[in-house]
Number of protein chains: 2
Amino acid sequence: MQAKEILQAHIAKTISLTDEQFDYLFSHFKQRSFKKGQVIIAAGDKIDHEYFVLDGCLKSFYINDDLKMFILQFAMPTWWASDYNALYSQTKATINLDCITDAEVLCLSNDDREKLCNEIHQVEHFFRWRTNRGYVASQKRLLSFMNNDAKHRYEELLALYPALYNIVPKHLIAAYLGVSRETLSRLYHS
Amino acid sequence: MQAKEILQAHIAKTISLTDEQFDYLFSHFKQRSFKKGQVIIAAGDKIDHEYFVLDGCLKSFYINDDLKMFILQFAMPTWWASDYNALYSQTKATINLDCITDAEVLCLSNDDREKLCNEIHQVEHFFRWRTNRGYVASQKRLLSFMNNDAKHRYEELLALYPALYNIVPKHLIAAYLGVSRETLSRLYHS
DNA sequence: TTTTAAATGTGATGTAGGTCACGTAAGTTC
DNA sequence: GAACTTACGTGACCTACATCACATTTAAAA
């Protein structure tokens with residue numbers, strides 16, 4: 001499936017656009033290919049785009065002062081990723097974004113998103129709902145963090161995204177769950 | 001300050017509405033008074049409103065199977081609160097909302113919000129930005145959970161909302177930080 | 001004012017998960 | 001295919017925080 005069709009199918013789940021409107025919308029996206037391991041956003045960057053995943057798997061993550069990595073999101077096809085704090089507030093990135101596998105993405109600049117939201121009411125509606133879902137998911141994950149132990153969170157993650165288990169190295173899954181790789185290893189060998 | 005002025009000042013930070021538009025918007029809100037301890041949303045409820053705090057302090061929280069409480073949010077004046085998962089997905093509430101102090105709130109139904117977002121593009125813009133901020137805040141809190149110990153999170157909370165310390169009982173602060181009340185007590189006595 | 005309930009402090013003890021150390025296996029690169 | 005790097009497993013030990021138990025202080029209710 002082509003980039004255009006993938007995006008169209010994704011957006012059609014939330015809003016209806018005419019073909020002309022969608023063509024206009026799509027004309028603001030730029031397609032890019034990345035290799036496994038390639039960095040899309042590095043902490044400290046000035047940042048002005050968000051990314052829609054067509055193929056492959058990205059990760060967004062934070063590195064603390066002890067160089068420990070915490071993964072915020074695994075971005076699979078039809079997911080959006082960026083450092084939204086930096087993007088919305090026009091500050092430098094504190095979150096990194098890179099490629100776990102080779103990846104195809106569509107890039108949309110912050111300015112273009114805001115322009116499109118302003119020009120096409122339905123597009124603003126789409127982005128409101130996208131963020132709604134992200135917000136709810138983030139709250140759920142926060143609750144799971146407070147409520148459940150590592151084993152429970154691990155099983156939750158696998159139930160939600162079985163594909164991850166085969167694509168993503170275990171130490172990254174540990175960094176998502178917020179446990180050490182040693183602890184994760186012990187969890188699923190018992 | 002009157003309810004109308006409080007809401008108007010709050011909304012004006014993000015969008016510009018004509019007086020007629022704002023009057024129309026405001027006509028969809030219903031003002032209600034609650035007493036300390038009163039429940040606004042109980043888990044299991046069918047739920048169709050969100051709440052804008054004019055005065056007082058609310059808490060939204062989850063109770064797990066062991067009857068342990070986890071606080072998602074302390075809602076202070078000009079904050080919005082609800083069980084957004086239940087509200088958006090039209091399912092029964094899993095989150096509770098009640099009053100830490102006597103409170104004045106404005107109620108907006110889910111249907112009216114969607115109607116207003118549809119009728120007035122700027123209103124949709126407002127709600128998109130409100131959720132953006134919520135999403136970013138939620139991600140920051142998630143990161144802090146993974147990255148920092150309880151003492152660090154406690155100091156972070158006090159730095160961000162100094163007012164809480166005097167208004168909110170310590171065991172509720174513990175339930176927000178995700179530690180036991182005993183641990184919290186030990187943290188600030190050393 | 002008395003009674004009752006809620007909030008808080010503090011010791012003793014248990015445990016999930018971290019850290020360090022060192023091993024093997026499996027991909028990558030030359 | 002050898003050399004090197006990255007991923008993964010597992011034991012020994014440590015630490016932050018939970019839990020339980022009980023005392024005390026404060027606030028609400030009668």
Side-chain angles (χ1 to χ4, degrees), chain A residues 34-39 56-57 59 61-71 74 98-102 142-158 164-190, chain B residues 34-39 56-57 59 61-71 74 98-102 142-158 164-190:
Chain A
F34 290 97
K35 284 285 166 196
K36 178 175 174 176
Q38 226 180 319
V39 173
C57 183
K59 67 175 192 282
F61 58 102
Y62 173 74
I63 304 281
N64 77 0
D65 298 341
D66 304 330
L67 301 183
K68 210 168 142 179
M69 175 196 298
F70 301 94
I71 294 184
F74 294 115
D98 70 13
C99 301
I100 294 179
T101 65
D102 290 358
L142 187 63
L143 265 186
S144 181
F145 241 92
M146 297 203 272
N147 195 4
N148 304 131
D149 63 13
K151 181 155 203 173
H152 195 114
R153 295 203 301 281
Y154 171 65
E155 281 156 8
E156 217 167 49
L157 179 67
L158 283 196
L164 279 182
Y165 190 84
N166 302 311
I167 299 173
V168 176
K170 303 290 170 286
H171 74 272
L172 294 184
I173 293 187
Y176 180 92
L177 294 174
V179 296
S180 67
R181 53 165 211 85
E182 293 94 330
T183 295
L184 178 64
S185 171
R186 287 174 179 115
L187 285 183
Y188 62 79
H189 287 101
S190 59
Chain B
F34 289 97
K35 285 286 168 195
K36 178 176 175 176
Q38 224 179 322
V39 173
C57 182
K59 68 175 191 286
F61 58 102
Y62 173 74
I63 304 281
N64 76 2
D65 298 341
D66 304 330
L67 301 183
K68 211 167 139 177
M69 176 196 295
F70 301 95
I71 293 182
F74 293 115
D98 70 12
C99 302
I100 294 178
T101 66
D102 288 358
L142 188 63
L143 266 185
S144 181
F145 243 92
M146 296 203 274
N147 196 5
N148 305 131
D149 64 12
K151 181 155 201 170
H152 196 113
R153 294 203 303 281
Y154 171 65
E155 280 154 10
E156 218 168 47
L157 179 68
L158 282 196
L164 279 183
Y165 189 84
N166 302 311
I167 298 173
V168 175
K170 304 288 170 287
H171 74 273
L172 293 184
I173 293 186
Y176 180 92
L177 294 175
V179 295
S180 67
R181 53 166 208 85
E182 294 94 329
T183 295
L184 178 63
S185 171
R186 287 175 178 113
L187 285 182
Y188 60 81
H189 285 102
S190 59

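Being a predicted model, the structure only gives us computed values, none of them experimental. So you know, we letter chains A, B, ... as the sequences are listed, proteins then strands, and number each from 1.
For the pair A/Leu172 CG and D/dT6 P, the computed distance is 13 Å after rounding to whole Å. Note: NE2 (A/His152) to P (C/dG17) measures 12 Å, nearest angstrom. In this structure, A/Met146 atom CE and D/dC17 atom C1' are separated by 16 Å, rounded to whole Å. Rounded to an integer number of Å, the gap from CZ of B/Arg153 to C1' of D/dA16 is 11 Å. When the P atom of D/dT15 is taken as reference, atom CG of B/Asn148 falls 20 Å away, rounded to whole Å. For the pair B/Leu187 CG and D/dC17 P, the computed distance is 7 Å after rounding to whole Å. The distance from atom CD1 of B/Ile100 to atom P of C/dA7 is 11 Å, rounded to the nearest whole Å. In this structure, A/Asn64 places its CG atom 14 Å from C1' of C/dT19, rounding to the nearest Å.
In this structure, the nucleotide among C/dG9, C/dA16, D/dA18 sitting nearest to the side chain of B/Ser180 is D/dA18. When distances are taken from the side chain of B/Val179 to each of C/dG18, C/dT10, D/dC17, the shortest belongs to D/dC17. With D/dG11, D/dC17, C/dG11 as the candidates, the nucleotide lying closest to the side chain of A/Arg186 is D/dG11. Of all nucleotides listed (C/dG17, C/dT10, C/dT19), C/dT10 comes nearest to the side chain of B/His189.
A donor-acceptor contact under 3.5 Å links the side chain of A/Arg181 to the base of D/dG9. For a distance-only test at 3.5 Å, the side chain of B/Glu182 fails to qualify as a donor-acceptor partner of the base of D/dC17.
When every heavy atom of A/Arg153 is checked against every heavy atom of A/Val179, the shortest pair comes out as NH2-CG1, 3.9 Å.
In terms of phosphate contacts, A/Lys170 brings no side-chain nitrogen or oxygen within less than 4.0 Å of OP1 or OP2 of D/dG9. For the pair A/His171 and D/dT6, the criterion of a side-chain N or O lying under 4.0 Å from OP1 or OP2 is not met. Between B/Tyr188 and C/dT8 there is no side-chain polar atom (N or O) within less than 4.0 angstrom of OP1 or OP2. For the OP1/OP2 pair of D/dA18 and a distance below 4.0 Å, the side-chain nitrogens and oxygens of B/Thr183 include at least one atom meeting the criterion. Under 4.0 angstrom from either OP1 or OP2 of C/dT19 there lies at least one side-chain N or O belonging to A/Lys68.
Using a 4.0 Å heavy-atom criterion, one finds that B/Gly178 contacts the sugar-phosphate atoms exclusively.
The shortest side-chain heavy-atom distance between A/Met146 and B/Ile71 does not fall under the 4.5 Å cut-off.
By the 4.0 Å N-to-carboxylate-O rule, A/Lys36 lies too far from A/Asp102 to be salt-bridged with it.
Judged by a 6.0 Å distance limit and a 45° cone about the ring axis, A/Lys170 is positioned over the six-membered ring of A/Tyr165.
The aromatic rings of A/Tyr176 and A/Phe74 lie parallel to each other, with less than 30° between the two planes, well short of the 60° mark.
Summarising the local packing, CG of A/Asp65 is surrounded by 12 or fewer heavy atoms from other residues, nucleotides or ligands at distances under 6.0 Å.
Nearest-nucleotide mapping onto DNA chain D: of B/Lys36 and B/Ala150, the residue sitting toward the 5' end is B/Ala150.
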